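Heads up: the structure comes next, in structure tokens.
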Amino acid sequence: MSGRLRPNDVLARITAHNRGPDAAPLHVLPTLWFRNTWSWPDGGDVPELRGGTEGGHAVIAARHTDALFLESLPHCTLRCEGTPELLFTGNDTNTKRLYGTPNAQPYVKDGINDCVVAGIRNAVNPAPEGTKAAAWYRLHVPAGGSATIRLRLTADGVPLPADPFGAGHDAVFAARQHEADEFYRAITPPSAGEDEALVLRQALAGMLWSKQYYYFDAYKWLEEHQAHPLLGQQRQQRNREWFHMVNDHIISMPDKWEYPWYAAWDLAFHAVALSTADPEFAKGQLDLMLREIYMHPSGQLPAYEWNFSDVNPPVHAWATLFLYLTEKVLHGRQDVEFLKRAFTRLALNFTWWVNRKDRDGNNIFEGGFLGLDNIGVFDRSAPLPTGGHLEQADGTAWMAFFCQNMMEIGAELTVHDPVYEDFCAKFVEHFLWIAMAINRPDGNGLWDEEDGFYYDLLRLPDGTSQRLKVRSLVGLLPLCAVTVVEEEQRARMPRATAALHTRLARMPELLGYIHATGPGHLGCANRGIIALVSEERLRRILARVLDENEFLGPYGIRALSRHHLDHPYLFRAGGQEYRVGYLPAESDSGMFGGNSNWRGPVWMPVNVLIVRALLSYYMYYGDSFRIECPTGSGVLMNLYEVARELAARLTRTFLRGPDGARPVFGGTEKFHTDPHWRDCLLFYEYFHGDNGAGIGASHQTGWTGLVAKLIELFGLFDPQALLKGGKQKGFKAGT
């Protein structure tokens, strides 16, 4: 992943279709350029692009004299079919246009645009040379017709056919398309229908498309901004404390067009989705965030570039475990070294959370907005208008989930090294303290017995407290803090199991804060369970989750209960009123720029964690736990059936309905009916809570690619095998 692409013989084909009733002109500008490093201090020699012709085709030769550069990028030539005009300029910033200062070079990077769009011929170099070049194709596309451009980027010395754009060129494309068809066919469950297979393929293709090279040298950046603390520079600038960081890798972006940067918790979900198509790259992404050049020396993971110190939910441990088990179960490979590396570094991250985000040392966690933007009454990353601080149901639940994931990773590693058993005991015990804190019945816990729901607790400066009674995903996340413990896991961890039983025997009151577990409380296949939520509370929470007038929408679990449409939550402080109402689509709040909304829409990642939780409870309860789904329908389901129903609703967002329309396209008629558009899916950031229409970043917000994982897993699961053999054996025969 840290290496560089070595071009050998790369073929490109661009086809433009004119769907309109009239012929139309079209300008196409395939562009080749060198990344500008020569303008840096000690940036090295300036490379060169030089134009010419060869065999009746335009060519651009790329040359670089830097020996280190040549190790990864040999001399190569771009061949352009036909004789388009070649335009050359320098890939240098137009400082005159941007800053009003003279340009260091006469030909700058936007010169090609100025030449083509504004007709300024002297904006490009009259000599066929520079560091940025474009082949200017002027096409005339007939009504209903198409035009095709062929290109070929070849390393010098690679033999070429007499006609580089002959029949062999198209044959290569046909071969690659056939290979792609075979690849996606191999990873699509046989039970998936044609439309489900299309959704899975396009979701994963979008994930692969969202990879992007990301470079950020914090030392240099802070020095240039006069803000480097080690150099005595005093200017206050974002990310001052991250001067150790060097990002220089291919990373999966949330959205390559709209959000071309990484975000730690997004990336964990990306890795889970990508594990279907490219497990090695997926593992590499998780490894990356835990490396010393990314992770802060304190143990914090970087959030995103505008504020690496913001706090994202700790989902890396879950994603790590998921990738390891997926590879082990579905492919028969056990990457123990990957698991060991991750465990060691995740333990540092866990310690950071305990030391930095548990203000009072009472095992109730804060964390700020935790990726949920405007879901709360006010910005949870900013000082509260009331003073005081928030004790967060989601932050505390995330940490309980973190404990469970680390315990499970430790249990896997104990097979290979018994020293990890001690870690298992440590994380189970920490889970107990968190459970005791979140479930305290004396008014200091986060469970509201009257409402049957978890809420954030506002601690005021005068020592009083108040629950913020917003029914949102914040209060559903404790549901997700569940894991089952197989009999074989207990057998390989006798000391950890004995330590847990000893602790519970000495402090029996702890049993009142967790789901019943241990001797006398074993479930299907003698499974134990470690969960924040008891059976009685699980039923109460699920009654709301599965209520179509609250959380259960036609296309997934809403981020905020629909109850708040007619009953908005109001909070008054400092003479100002704060309001949280159900908003199924766009935000009406300027919080976090107003560009995302957690007050009603469906978000794929947390829905997937709820599905995971339901499957975990099913493996413990089996058919003995049945609940109405939807609430009030009279239809009773076991929890596997509930999970499958939720997965089906999420997937249905993208599938054609009986009328041929796909909910994701909302009211855009063309996308529903035009044969050229109706099967070209967009995987949005989030989705309308009532009709499933896509909202937010449209091109491929990576975590929405998780829909592919849902199609894959529910196509492979055998519920009876899952109940009997657990998550490592719960697949159809022959899988």
Side-chain angles (χ1 to χ4, degrees), residues 4 12 14 25-52 58-66 69 73 76-78 80 84-139 149 151 153 212-228 235 237-239 247-248 253 255-261 305-306 593 699:
R4 298 287 192 267
I14 303 167
L26 180 67
H27 296 259
V28 183
L29 291 153
T31 305
L32 186 68
W33 69 93
F34 281 103
R35 177 172 174 241
N36 188 338
T37 58
W38 56 88
S39 63
W40 300 359
D42 303 318
D45 297 330
V46 180
E48 179 186 75
L49 299 175
R50 184 173 290 276
V59 299
I60 302 171
R63 302 290 181 265
H64 204 296
T65 57
D66 190 316
F69 200 99
L73 181 66
C76 53
T77 300
L78 177 66
C80 310
E85 181 180 357
L86 299 180
L87 304 177
F88 288 83
T89 186
N91 192 26
D92 296 90
T93 299
N94 188 340
T95 57
K96 182 177 180 180
R97 175 172 287 175
L98 290 178
Y99 311 118
T101 58
N103 287 322
Q105 305 293 335
Y107 306 108
V108 290
K109 63 170 60 179
D110 51 357
I112 293 172
N113 171 82
D114 291 347
C115 175
V116 174
V117 176
I120 305 173
R121 297 293 308 192
N122 63 4
V124 295
N125 193 343
E129 60 186 27
T131 50
K132 180 178 180 180
W136 187 4
Y137 284 92
R138 301 170 177 88
L139 307 177
I149 294 167
L151 307 162
L153 179 66
Q212 182 166 299
Y213 172 65
Y214 186 88
Y215 179 78
F216 179 71
D217 184 332
Y219 190 102
K220 288 183 179 180
W221 190 85
L222 289 167
E223 183 181 13
E224 290 170 355
H225 288 75
Q226 300 297 306
H228 201 307
R235 184 182 176 194
Q237 182 64 272
R238 71 181 192 272
N239 298 325
N247 300 169
D248 183 19
M253 302 293 165
D255 187 298
K256 196 171 176 180
W257 289 6
E258 297 186 48
Y259 300 143
W261 34 255
E305 68 180 35
W306 71 88
H699 311 295

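Quick caveat: nothing in here was measured; it's all calculated off a predicted structure. FYI, the numbering just counts along the sequence from 1.
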Heavy-atom nearest pair, Ala62 first then Leu49, reads CB-CD2, 3.6 Å
Closest approach of Thr95 and Pro102, non-hydrogen atoms and distance? OG1-O, 3.1 Å
If you round to the nearest 0.5 Å, how far is CD1 of Ile149 from CG of Leu139? 4.5 Å
Sequence neighbours left out, what passes side chain to side chain contact (heavy atoms under 4.5 Å, CB included) with Ser39? Give chain and number order. Asn36
Is the positively charged end of Arg35 above the ring of Tyr213, judged by distance under 6.0 angstrom from the centroid and angle within 45° of the axis? no
By side chain to side chain contact (heavy atoms under 4.5 Å, CB included) - contacts of Pro47 (at least two apart): Phe34, Trp38, His64, Thr131
Here the gap from Arg238 atom CZ to Leu222 atom CG, rounded to the nearest 0.5 Å, amounts to 9.5 Å
Test of understanding: with ring pair (Phe, Tyr, Trp, His ring centres under 6.0 Å), list the residues that count as partners of Tyr99, not counting sequence neighbours. none
Sorted by chain and number, sequence neighbours left out, side chain to side chain donor-acceptor pair (under 3.5 Å) with Trp136 holds for His27
What heavy-atom pair brings Leu151 and Pro30 nearest, and what distance separates the two atoms? CD1-CB, 3.6 Å
Yes or no on side chain to side chain contact (heavy atoms under 4.5 Å, CB included) for Lys256 and His699, after CA distance, side-chain angles and deciding distance? CA-CA 8 Å; Lys256 196 171 176 180; His699 311 295; over 6 Å; no
Residues forming a ring pair (Phe, Tyr, Trp, His ring centres under 6.0 Å) with Trp221, sequence neighbours excluded: Phe216, His225
Close side-chain approach of Leu86 and Pro128, heavy atoms under 4.5 Å: no
Looking only at non-hydrogen atoms, find the nearest pair between Phe88 and Arg50 and report the distance. CZ-C, 3.9 Å
Would you give me the side-chain donor-acceptor pairs under 3.5 Å for residues 116-127, sequence neighbours excluded?
unit_1	atom_1	unit_2	atom_2	d
Arg121	NH2	Glu85	OE2	2.4
Asn125	OD1	Ala127	N	2.9
Asn125	ND2	Glu129	O	3.2

From Asn113 CG over to Leu29 CG, what is the distance, rounded to the nearest 0.5 angstrom? 9.0 Å
Output all residues satisfying side chain to side chain donor-acceptor pair (under 3.5 Å) with Asp217, sequence neighbours left out; order by chain, then residue number. none
For Trp261, check side chain to side chain contact (heavy atoms under 4.5 Å, CB included) against everything at least two apart and list the hits. Tyr214, Pro254, Tyr259, Ala263, Tyr304, Glu305, Trp306
Residues that Asp110 engages under salt bridge (charged side-chain N to carboxylate O under 4.0 Å, His left out), provided they are two or more places apart: Arg97
Any residue meeting side chain to side chain contact (heavy atoms under 4.5 Å, CB included) with Leu98, in chain and number order, not counting sequence neighbours: Thr93
